[in-house]
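Below you'll find the structure, written out as structure tokens, and then a few comments.
If you're wondering where the values come from, they're calculated on a predicted model, not measured in any experiment. Numbers restart at 1 for each chain; the letters A, B, ... are given by sequence-line order, proteins then strands.
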Amino acid sequence: MIVAHGISKAFVGRKAASVVALRNVDLCVDRGTFVSLIGPSGCGKSTLLRILGGLERPSSGTIDMAPGRGADATETVKTAFVFQDHSLFPWLTVLDNVAFGLRMAGVPKAVRRERARMWLARVGLAGFERHYPEELSGGMRQRLSLARAFVTDPDILLMDEPMGSLDAQTRLLVQEDLIRLWEETRKTVLLVTHSIDEALLLGDRVVVMTARPGQVKLDLRIELGRPRTMAITGERAFGELKAKIWEALRDEVERSLELT
Amino acid sequence: MTGSATELERVATATGDEVLDEALHALDAAERRRRRLDVTLAVATPAALLVMWQAAADTHWIDPKIFTPPTTIARSAGHLIAAGTLQSDLAITLARLVVGFAVGAAAGIVVGILLGLSRPLRSAFSPLFTGLYAVPQIALLPLLLVIFGVGETAKVLTVVAVTFFVLEINVVRAVRGFDPRLVEAGHAYGARRLRLFRHVLLPGIMPAIFTGLRVSIALALVVITATEFVASTNGLGYLVWNSWQLFEPDYMYVGLITIALVGVVLTGIIVAAERLALPWLRRSRP
């Protein structure tokens, strides 16, 4: 579970003019919920994700990942990131890339290798253990990124535009993989995306953010059934939700164009 | 009627496949022929030049006193080896080269990483080092001789200097240009401080380190040869220089060829070590 309250973030700009990326964002994510975060470019959604994952500190606001368990409990909550595919370590084999997080956590070699192998099989990469990331296609690399995150058995998965560098068809396949993995594991997931389709297809909730400074504009519960497949993108309810989100997003995208 | 039409189609497809197979075979065969020709030319050209050299010298078309024919060079090499001087010159040059190279490379890598990571250190030293690098290292030799005398230290230090600067500059550039997304990924998966350095930064800058080693070994050989020309009474550089002064071009050729071989072998060792240490670099996409 994530309870983020009053999160703001300002950056000092290159010419000393500071930029407010986030202003007073409240976000509450229940355990086992998949939340899609969508907004115009530069609205601070990636920054929000990085703050939640502890890669950056907020300028103000509080984050509680373990409500009711005391202030220190948040530290013990395990998060894992899924980035775009160029964040894989090119010098490590596929197997060692997956096992990296476990290695840093001090898991013994035999155990981490076994768990890494298991997750590689689950994302359809069995047999590629000894390859290097450069030898894989974009879709395979993204599956590898998913395995690298899932293998650490995190409480919360933070995904920063994981499919951003994939072509449209590969994207569909990896999205289906992600749906399947999520429905099997039911992790708490926060997904940053540019694609309304992706946000709807994957999310239990879609949170639309405003142009900079980022604030929550719309928080929509997605009542589409599960298990989901690509087929729901053709359903009437899907189309209506899509129109609703685009309506909220459109003004913000236009405003973000004026900002830059 | 319909049956025979299908039959006809099948025959047509089969013929189509056969034509395609034949075309592919022809392409493969042509590529194999071209590769054989590449190898043949690479071996035959130097061999032909050697034969021409020998013939031209034997017929006095070129002056054999200056352009010593290959067979005479081989005989002179035999003399030097029998007397043991070629081996001892080779050993002494190699020792200077290897010690200077190892010290310079280690210092260059360490200093390069420190300067790459620390902005104050970089501000303090980077302009100085860049300026010093612009001075040809061999020009430092007289100064080093004044400071350290004519012993081994001054000679080795010229090699240290050239290796140090090449590595330092390469490593600083690699650390500063390091992909921040990889640092972030390392950070996100629990690699902090020393472990971030050991498991992310260091493997990531290894290609730059090997590039630096490859470039600097060639420069180091130039520098040690020049140093031995003027400030030594042994070593391969001395052999070449002394042969010139005594007008013994056959020994000069022996020295030059040995220096060339040292360069080829040392570069080969570094390239082989790179292949072994960085298997991920030579793999290409499927």
Side-chain angles (χ1 to χ4, degrees), chain A residues 46-47 49-50 52-56 78-94 96-107 112 116 128 130-138 140-141 144-145 147-152 154 156-162 164-165, chain B residues 109 112-113 116-117 119-120 122-123 170-171 173-214 270-286:
Chain A
S46 290
T47 306
L49 204 68
R50 293 153 49 85
L52 292 174
L55 291 180
E56 257 173 67
K78 280 196 293 180
T79 58
F81 268 92
V82 182
F83 304 96
Q84 282 187 13
D85 63 350
H86 26 239
S87 80
L88 294 165
F89 301 118
W91 54 85
L92 293 181
T93 61
V94 165
D96 289 337
N97 259 291
V98 176
F100 185 85
L102 297 176
R103 186 175 182 189
M104 292 301 113
V107 176
R112 65 176 189 248
F128 289 94
R130 297 167 75 93
H131 285 65
Y132 289 94
E134 285 286 307
E135 300 173 278
L136 305 181
S137 67
M140 289 161 90
R141 281 205 294 271
L144 176 55
S145 297
R148 180 170 74 166
F150 273 102
V151 76
T152 61
I156 296 164
L157 270 164
L158 302 164
M159 307 193 178
D160 192 2
E161 288 180 51
S165 62
Chain B
I109 292 166
I113 289 170
L117 292 177
R119 185 166 167 169
R122 196 160 60 239
S123 309
N170 264 286
V171 171
R173 193 182 301 142
V175 172
R176 296 217 54 207
F178 200 82
D179 191 342
R181 294 174 303 206
L182 294 178
V183 176
E184 184 153 82
H187 205 80
Y189 282 98
R192 306 278 150 92
R193 300 186 144 268
L194 207 60
R195 282 196 301 182
L196 191 63
F197 172 76
R198 156 84 183 77
H199 293 287
V200 179
L201 187 71
L202 203 55
I205 63 170
M206 283 313 275
I209 289 177
F210 272 104
T211 305
L213 293 178
R214 253 188 291 121
I270 291 173
V271 170
E274 180 174 6
R275 289 221 180 121
L276 211 64
L278 311 176
W280 53 280
L281 268 189
R282 69 193 144 108
R283 308 274 186 97
S284 53
R285 283 159 191 277

Between B:Ala185 and A:Ser87, which heavy-atom pair has the shortest distance, and what is it? CB-O, 3.5 Å
Count the heavy atoms belonging to other residues, nucleotides or ligands that lie under 6.0 Å from CZ of B:Arg275, then report whether that count exceeds 12. no
What part of A:Arg148 gets within 4.5 angstrom of chain B, counting heavy atoms only: side chain, backbone, both, or neither? both
In terms of heavy-atom proximity below 4.5 Å to chain A, should B:Val200 be classed as side chain, backbone, both, or neither? both
Heavy-atom side-chain contact between B:Trp280 and A:Pro133 under 4.5 Å: no
Decide yes or no for B:Leu182 and A:Trp91: does some side-chain heavy atom of the first lie under 4.5 Å from some side-chain heavy atom of the second? yes
Under a 4.5 Å heavy-atom cutoff, which of A:Ala105, A:Ala149, A:Pro90, A:Gly101 has the most pairs with chain B? A:Pro90
Taking the inter-plane angle between the rings of B:His199 and A:Phe100 on a 0 to 90° scale, is it parallel (under 30°), tilted (30 to 60°) or perpendicular (over 60°)? perpendicular
Which atom pair, heavy atoms only, marks the closest approach of A:Met104 to B:Tyr189? CB-O, 3.3 Å
All heavy atoms of B:Pro279 vs all of A:Tyr132, minimum pair found to be CG-OH, 3.2 Å
Heavy-atom count around B:Arg192 CZ within 6.0 Å, excluding the residue itself: above 12? yes
Taking the side chain as every heavy atom from C-beta outward, state whether B:Glu184 and A:Phe83 have any pair of such atoms under 4.5 Å apart. yes
